Novice: 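This is the structure, below, for whatever I ask next.
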Amino acid sequence: MIARAAAAVAAIAVIGGPAAADDLRREAKSVRELAPVEPARAGVYEDDRVDIAPAKKPIAAVAIDNPYGDLRIEGHDGPGLVILSSKRAPNDETLDRLRVSLIPDPDGSVRIVTAIDPEGPPVARADVHIDLVIRAPHGARVDGRVRDGRLELVNMDAGAELDTARGTIRVENVSGPVFARSLAGDQRFAEVFGTVDAQAVAADLTLDTVRGDRLIASTHDGRIDGRRLRSRRVELRTTRGDITYDGEVQAGSAITVASVRGSVDVRLRAPGAIRVRTFAPTVAVRGGHALGGGVFAFGGGPRPAEVQLRSRFGTVSFAVSDAP
Amino acid sequence: MNCRDVERRLSAYLDGELDGAAASALRGHLRICADCRRAADEQAALVDQLARLDPPEPPAPLWNGILERLGEAEVADAHRSRWWLAWHQLRRHALPSLAVAAAAVTLAIWVWKRGEGAEPTPAIAIAPAPAPTPSAPPSEPPPPATVPVDRDVLAELADDNRALDDAYRAAADDLLASATEERAAWRPALARAFDIRVAALRAAVDQAAPGERRERAWQGLIAYLQRAATGELVAGVTP
């Protein structure tokens with residue numbers, strides 16, 4: 001057991017410990033300025049900036065786990081990493097126990113983990129806070145995880161895997177596959193180009209300008225609002241909340257929008273044919289040709305886009321939009 | 001070495017019971033497999049909380065050099081065959097890993113220098129992945145510190161894991177009730193297939209370690225139940 005514990009402890013590299021804090025540069029541009037979070041609270045603060053240059057290979061992947069606050073990952077043009085940390089604690093002794101650890105791998109990936117040194121008097125979770133802003137090369141793949149803090153990803157090109165418990169997720173101007181999971185944190189995606197797979201339990205999902213091969217989004221107790229969407233395969237599901245979908249559809253696309261108790265409202269722009277199948281107690285379809293059995297046909301041409309709309313207890317609405 | 005091999009040997013590895021070649025191969029696999037690395041992190045973190053040892057903080061340049069040499073050797077080991085591993089295990093006493101030996105020598109020098117108070121604590125210390133190997137004990141870790149009575153923030157996080165688990169369970173139960181209503185109208189074969197799949201997904205939840213893996217398992221179950229509850233499973237989709 002001693003060997004195991006020693007190995008675990010040795011695995012952690014520390015940025016900013018008691019002795020290191022004074023050596024690190026204080027940057028005028030603090031994390032709080034970059035990502036204002038909340039009004040100042042009582043206690044002591046420390047802002048640090050650390051620049052990490054890649055040893056040999058460029059940084060290909062960054063994994064960050066910060067259960068103590070917010071996390072924002074921004075793409076930048078440089079080859080290295082910039083880590084901006086902002087720590088808050090009730091007193092200096094506790095502040096010194098807050099750690100940001102860096103574990104580089106020779107394969108070009110880097111892991112960043114926040115932790116609190118367990119040696120010391122008890123401290124409540126609400127009294128300690130670590131916010132991180134990570135500036136990483138655009139092409140690095142990101143794996144980000146927070147607990148209750150906000151998780152933001154902007155200007156990245158290689159996709160990401162994002163997890164929160166109750167924190168919100170915001171993804172903006174990102175390409176590549178994005179997987180997002182939250183229990184009770186709302187998720188917002190804007191200008192995302194690539195496959196999106198988003199799942200929440202008690203949260204709302206907002207999708208604005210998402211294009212890619214697949215778009216899969218689901219929430220149990222919350223709504224989904226999507227606009228300017230265009231993906232070849234789309235699956236949107238809720239249990240209780242409503243779903244609105246406004247987007248384009250291509251020939252051969254498959255779109256499923258389904259809710260158990262919520263209503264479904266879909267508006268599509270399509271250059272070709274669409275076949276719509278509806279399953280709901282109340283169906284409102286504007287235009288098209290009713291083929292019977294809740295099936296409607298719009299437009300003409302080969303390989304019609306298949307649209308399936310479902311609601312067990314709500315209303316299903318569909319219209320073809322002419323608006324650009 | 002593959003994921004199953006890592007799963008079987010991870011505990012022994014963290015206990016420092018693997019020989020140099022096997023440990024190197026395992027570390028090499030961890031460097032290239034995110035899932036296994038995550039599992040190793042979780043186990044190591046748990047032990048970390050229990051042990052509460054002060055981390056050694058060697059100079060960054062020292063560790064950088066070690067990291068590079070070890071990393072390259074480990075990734076190479078991860079790609080070797082099982083026969084190579086078996087052969088190496090037989091010869092472990094005769095041919096200790098060159099990389100580990102180099103690490104031992106370098107560490108020994110550092111420990112010796114540190115004893116003379118030569119090096120101040122660096123601003124940034126970079127440490128390697130866990131590398132407990134019987135063939136290269138560079139320095140004995142200090143004895144465990146006294147375990148604090150109150151785990152406060154760490155205990156709160158552990159409690160929070162249970163709260164998250166409860167929230168996922170409540171959502172799954174809610175969806176299962178809705179799906180069961182749908183199921184009543186299904187063909188018997190489809191209903192049976194559904195039951196089997198739900199049981200398998202629930203078992204996956206029960207078997208998953210608390211934390212990220214269990215959350216993933218819950219998410220898989222919830223996604224499946226949601227498709228059943230919306231009625232999609234009877235639309236030609238086999239459970």
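Everything numeric here is computed off the predicted structure, so don't read it as measured data. Residue numbers begin at 1 in each chain, while the letters A, B, ... track the order of the sequences.
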Novice: Sort A:Thr94 into side chain, backbone, both or neither according to what part of it lies under 4.5 angstrom from a heavy atom of chain B.
Specialist: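 Neither the backbone nor the side chain of A:Thr94 comes within 4.5 Å of chain B.
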Novice: Looking only at heavy atoms, what is the nearest atom pair of B:Ala163 and A:Arg166, with distance?
Specialist: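 Looking at all heavy atoms of both residues, the closest pair is CB-NH2, 4.3 Å.
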Novice: Let me confirm one number: the CG-CG distance from A:Asp221 to B:Leu175, rounded to the nearest 0.5 Å.
Specialist: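 Between A:Asp221 CG and B:Leu175 CG, I get 10.0 Å after rounding to 0.5 Å.
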Novice: A:Thr239 versus chain B, heavy atoms under 4.5 Å apart: side chain, backbone, both or neither?
Specialist: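 Backbone plus side chain of A:Thr239, per the 4.5 Å heavy-atom cut-off to chain B.
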Novice: Checking heavy atoms, do the side chain of A:Thr256, its backbone, both or neither come under 4.5 Å from chain B?
Specialist: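 Just its side chain gets close to chain B.
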Novice: Measuring heavy-atom distances to chain A, does B:Ala223 have an atom under 4.5 Å in its side chain, in its backbone, in both, or in neither?
Specialist: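 For B:Ala223, backbone and side chain are both near chain A.
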Novice: Checking B:Leu157 against chain A: side chain, backbone, both or neither under 4.5 Å from a heavy atom?
Specialist: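 B:Leu157 touches chain A through backbone and side-chain heavy atoms alike.
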Novice: In terms of heavy-atom proximity below 4.5 Å to chain B, should A:Arg237 be classed as side chain, backbone, both, or neither?
Specialist: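 Interface part for A:Arg237: both.
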Novice: Between the side chain of A:Arg147 and the main-chain N/O of B:Asp160, is any donor-acceptor distance below 3.5 Å?
Specialist: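 Side chain of A:Arg147 to backbone of B:Asp160, a donor-acceptor pair under 3.5 Å: no, none is there.
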Novice: Counting only heavy atoms closer than 4.5 Å, note whether B:Asp159 contacts chain A via side chain, backbone, both or neither.
Specialist: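 Neither part, no heavy atoms under 4.5 Å.
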Novice: With a cut-off of 6.0 Å (strictly less than), are more than 12 heavy atoms of other residues, nucleotides or ligands near CD of B:Glu181?
Specialist: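 Yes - once you tally the heavy atoms of other residues, nucleotides and ligands closer than 6.0 Å, there are more than 12.
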Novice: So, for A:Ser218 and B:Gln226, which heavy atoms are closest and what is the spacing to 0.1 Å?
Specialist: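 In this case the closest contact between A:Ser218 and B:Gln226 is CB-OE1, 3.3 Å.
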Novice: Before giving the answer on salt bridge (charged side-chain N to carboxylate O under 4.0 Å, His left out), spell out for A:Glu235 and B:Arg227 the whole-Å C-alpha distance, their side-chain angles and the decisive distance to 0.1 Å.
Specialist: CA-CA 10 Å; A:Glu235 296 177 24; B:Arg227 283 201 303 143; 5.9 Å; no
Novice: If every non-hydrogen atom of A:Arg181 is compared with every non-hydrogen atom of B:Arg216, which pair is closest and at what distance?
Specialist: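 Closest heavy-atom pair between A:Arg181 and B:Arg216: CG-NH1, 3.5 Å.
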Novice: Any idea which heavy atoms bring B:Leu154 and A:Ile116 closest together, and the distance?
Specialist: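 What the structure gives for the nearest pair is CD2-CG2, 4.2 Å.
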Novice: Which bit of B:Glu215 comes within less than 4.5 Å of chain A, counting heavy atoms only: side chain, backbone, both or neither?
Specialist: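 Contact with chain A is through the side chain of B:Glu215 alone.
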Novice: Decide yes or no on side-chain contact (heavy atoms from CB on, under 4.5 Å) for A:Tyr68 and B:Val153, but give the supporting numbers first.
Specialist: CA-CA 10 Å; A:Tyr68 297 103; B:Val153 62; 3.7 Å; yes
Novice: Mind checking what makes salt bridge (charged side-chain N to carboxylate O under 4.0 Å, His left out) contact with B:Asp35, not counting sequence neighbours?
Specialist: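 Expected list: B:Arg38.
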Novice: Please identify, among B:Ala229, B:Ala167, B:Ala170, the residue contributing the most non-hydrogen atom pairs under 4.5 Å to chain A.
Specialist: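 Top count of heavy-atom pairs under 4.5 Å with chain A: B:Ala229.
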Novice: For the pair A:Arg310 and B:Glu182, evaluate salt bridge (charged side-chain N to carboxylate O under 4.0 Å, His left out) and give the outcome as yes or no after the intermediate values.
Specialist: CA-CA 13 Å; A:Arg310 292 177 170 272; B:Glu182 279 283 303; over 6 Å; no
Novice: Could you tell me which residues satisfy salt bridge (charged side-chain N to carboxylate O under 4.0 Å, His left out) with B:Asp174, sequence neighbours excluded, listed by chain and number?
Specialist: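 Per chain and number, B:Asp174 pairs via salt bridge (charged side-chain N to carboxylate O under 4.0 Å, His left out) with A:Arg240.
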Novice: List in chain and number order the residues that pass side chain to side chain donor-acceptor pair (under 3.5 Å) with A:Arg261, two or more places apart in sequence or in another chain; answer none if no residue qualifies.
Specialist: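 A:Arg261 satisfies side chain to side chain donor-acceptor pair (under 3.5 Å) with no other residue.
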Novice: Where on A:Asp143 is there a heavy atom nearer than 4.5 Å to chain B: the side chain, the backbone, both, or neither?
Specialist: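 Only the side chain of A:Asp143 comes within 4.5 Å of chain B.
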Novice: With a 4.5 Å limit on heavy-atom distance, are the side chains of B:Leu225 and A:His220 in contact?
Specialist: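 The answer is no; the side chains never approach within 4.5 Å.
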Novice: Suppose a student defines contact as a heavy atom less than 4.5 Å from any heavy atom of chain B. Which residues in residues 196-203 of chain A would they list?
Specialist: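 Residues in range: A:Gln199, A:Val201.
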